[in-house]
Number of protein chains: 4
Amino acid sequence: MGAVRTNVRSEDKAGPGLARRIRDAAARLFARHGFHGAGMRLIAEEAGVSIGALYHYFPSKEDVFMAVLRQEYDQRLAEAQALWQEGTSAPEVVRRVVELHFASLAAGEGGGRLVGRAWQGEVPTLRPQILALREEYAQYIARLLSKAMARGEIRRTHPLLTAYALLGLVESVTARAVAGDAVAHEMREEGPQELAEIAWRALRPDEAG
Amino acid sequence: MGAVRTNVRSEDKAGPGLARRIRDAAARLFARHGFHGAGMRLIAEEAGVSIGALYHYFPSKEDVFMAVLRQEYDQRLAEAQALWQEGTSAPEVVRRVVELHFASLAAGEGGGRLVGRAWQGEVPTLRPQILALREEYAQYIARLLSKAMARGEIRRTHPLLTAYALLGLVESVTARAVAGDAVAHEMREEGPQELAEIAWRALRPDEAG
Amino acid sequence: MGAVRTNVRSEDKAGPGLARRIRDAAARLFARHGFHGAGMRLIAEEAGVSIGALYHYFPSKEDVFMAVLRQEYDQRLAEAQALWQEGTSAPEVVRRVVELHFASLAAGEGGGRLVGRAWQGEVPTLRPQILALREEYAQYIARLLSKAMARGEIRRTHPLLTAYALLGLVESVTARAVAGDAVAHEMREEGPQELAEIAWRALRPDEAG
Amino acid sequence: MGAVRTNVRSEDKAGPGLARRIRDAAARLFARHGFHGAGMRLIAEEAGVSIGALYHYFPSKEDVFMAVLRQEYDQRLAEAQALWQEGTSAPEVVRRVVELHFASLAAGEGGGRLVGRAWQGEVPTLRPQILALREEYAQYIARLLSKAMARGEIRRTHPLLTAYALLGLVESVTARAVAGDAVAHEMREEGPQELAEIAWRALRPDEAG
DNA sequence: TATGAATGAGAGTTCATTCAT
DNA sequence: GATGAATGAACTCTCATTCAT
């Protein structure tokens, strides 16, 4: 600490100047080359700082990685929270969850891809923390599902399990959709609707009317 | 084709026994430590061969990795092929796809986890090949779905997209289910049924007589 | 001269208190971790000052080290000077030199060990200065020996050589005596007497009436 | 191991070619620059091998250092053992111990100086092992002293303590004697005789005839 | 005076790969 | 076929030091 203090007003974590620049640079490089492909030297260069500065703000490479990942999930959570609050109901909620997640994953170079990529393997040491991050996100969605179930708007399922299912559903398709071929293009077009449809059908209550 | 031929590969490729021993050792170590965590020295030791021998059978580490991955997918495909052929019908097919995939991923230490882990990231250089491997598997499932659609047993969707969705669905839940906590236990218990239910509801034809 | 003046240095050099605090902290850390084991950051923390302050008082780490060492030798000289002055005679002088040196080296954590440790190696750049410091101390003892020789109280030897011999004698045994085992305990008990005996026998005049 | 095997006939440890070359190069550099001053890169260059080779033979820098030190002590022990065996008696034994130790320390650049330098501090982690090495040497001398005591050729003292005293005596004077000035020259000339005289007087039995 | 963010050379170590045997 | 000694680029990380404030 100390490093991160300096002026407390901007965004959230990783403070003002350098720390943010480092984190953003790292996000790009981790997304592009993976954890092991992006060396500290490379990150420092991309951020335009010295290696020393890098270690001034983050105790280790793993900390840089986790900071990046945390920021990505925080952002995703914030976006998700911003979406409802009003009384939007069932099918709409599901559709929005799917579309939002899809959009944020498919979006370009940023750390977005990291989320779809890093939640397993890669850095064995970090696994518990990474899974915890993902769990936080999944649980937020699970809570939304629970409320909808309580209101009878979707059928009763295991909420957390269903949340993970929805995330995986979207991530898997997105991963295919970012490739460069014709099929990928097709998927980017139809993906959100098809997935929303799938999700909604999976969750809608039985039509026992 | 291609899909059906693949499980032959693992026979003729595996050489006189040494190649197979190496590949199996590598499968264990990659699954346990990831691509970068498992060094060539370690693999050689685990396989009980010299480094020289290792390089005699595989030109590079990446080749070892791809051989492992190919073998895993081949095995998965073979299992999938073994399941139907007879006239099993729609909900049953879906259920079996889900359960099989779930089982093979959740199964302990083996290369199973590799499949759920490596399809993204980790080794950027290998991405195209890894995605191609996954595509092959996805396309096999897509073909199954297409046939079912043709017979009117499930509703019409984008088959490949749907296949990816199903894979992601299962993988995501499995990844959570292999953790050690109570929730994980719960998911391992309920996972297959819940997921099969989700999948079937997502795919079943509209009940409009 | 020189020898007598030195213990004044530690007063005027130590500045307004901060310099002294730094030097004392450094003494502890150098003694505990060696020159390379004690970083400037660590010293600053132990002293409760900023790195900036540290560099305000000492141009470099080597200067901190030399200041510590100088202070240790000054203190040792001061103690030595305080001991005689009156007409204590030969065997007593020898005994006291040995005991004093032994005691100050064996004394716990303080900079004492530094003296027994740093007079060789560790920081090649500083060797000349460290040897000079040691020489000053040795020469003080050599002068004492010379006087005793002049009075015929001890036999004639090369005074400086003999002084070094006495220092080494004590340091070597002390170094062994600070270990934690039973032998070390034994040596701490018997060390001073045995060494004093050895030294006295080595130096006493031939008994030829 | 494996590396060290290859052809088992030469000297003792550190086998045939590279390992020996590395160790000798390291001995020179550690003696000249101290443990921290001699980097692995430098050692590799001095030995004319790659860094990889260096790590092929020694697991870590500390191992290189200990190998060097062990070799020095082994050599010293071997020399010591070679000297008597016949029935040389008391004053001669003492003189030889002193002279031998003096000679081997004063001898040029080799690892000789290391022994006089490294037995304290420098690498805190290695202290126990270094002290153990020194202890082994001291105990050998202590055994010689014990035998002489048993035969009544020298007076009864604490043998190990006395051994350490003798070593320190010589080392301290040697350290001064390797400097370049006139006094050093003087000490190199008179050192052995003066020290032998000191040692003999310290140890000879009381003349109670 | 006093601070601590910033620097960057250099540290020890790893590891995929080569090649003479 | 099979070995493993040898390579060296690249890695993460440390630390004495500087300097704008």
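Lettering follows sequence order; numbering is per chain, from 1.
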Original post:
Can you tell which of E:dT3, F:dT3, E:dT14 lies closest to the side chain of B:Ala53?
Top reply: F:dT3
Subject >> Distance-only donor-acceptor test, D:Arg41 side-chain atoms vs E:dG10 base atoms, 3.5 Å >> reply: no
**OP:** Indicate the atoms forming the closest heavy-atom contact of C:Ile130 with C:Met66, along with that distance.
**Re:** CG1-SD, 4.0 Å
Original post:
For E:dA20, which nucleotide in any strand shown is its Watson-Crick or wobble partner with both distances under 3.5 Å?
Top reply: F:dT3
Original post:
D:Ser60 has a side chain; which of F:dT18, E:dT13, F:dT14 sits nearest to it?
Top reply: E:dT13
**OP:** Kindly point out which of E:dA6, F:dA6, F:dT12 is positioned nearest to the side chain of A:Tyr55?
**Re:** F:dT12
**OP:** Check whether any side-chain N or O of C:Tyr57 sits under 4.0 Å from OP1 or OP2 of E:dT1, and answer yes or no.
**Re:** no
Original post:
Mapping C:Gly52 and D:Gly52 onto DNA chain E by nearest heavy atom, which one lands closer to the 5' end?
Top reply: C:Gly52
Subject >> Pairwise side-chain contact, B:His56 with B:Val49, heavy-atom cut-off 4.5 Å (strictly under) >> reply: no
**OP:** May I ask you to evaluate whether B:His56 reaches the phosphate of F:dG1, defined as a side-chain N or O under 4.0 Å from OP1 or OP2?
**Re:** yes
Subject >> B:Lys61 NZ/CZ over B:Phe35 ring centroid, <6.0 Å and within 45° of normal >> reply: yes
**OP:** Could you check which of E:dT17, E:dT7, F:dC13 has an atom nearest any side-chain atom of A:Val49?
**Re:** E:dT7
Subject >> Closest to the D:Ser50 side chain, choosing from F:dT7, F:dA16, F:dA2 >> reply: F:dT7
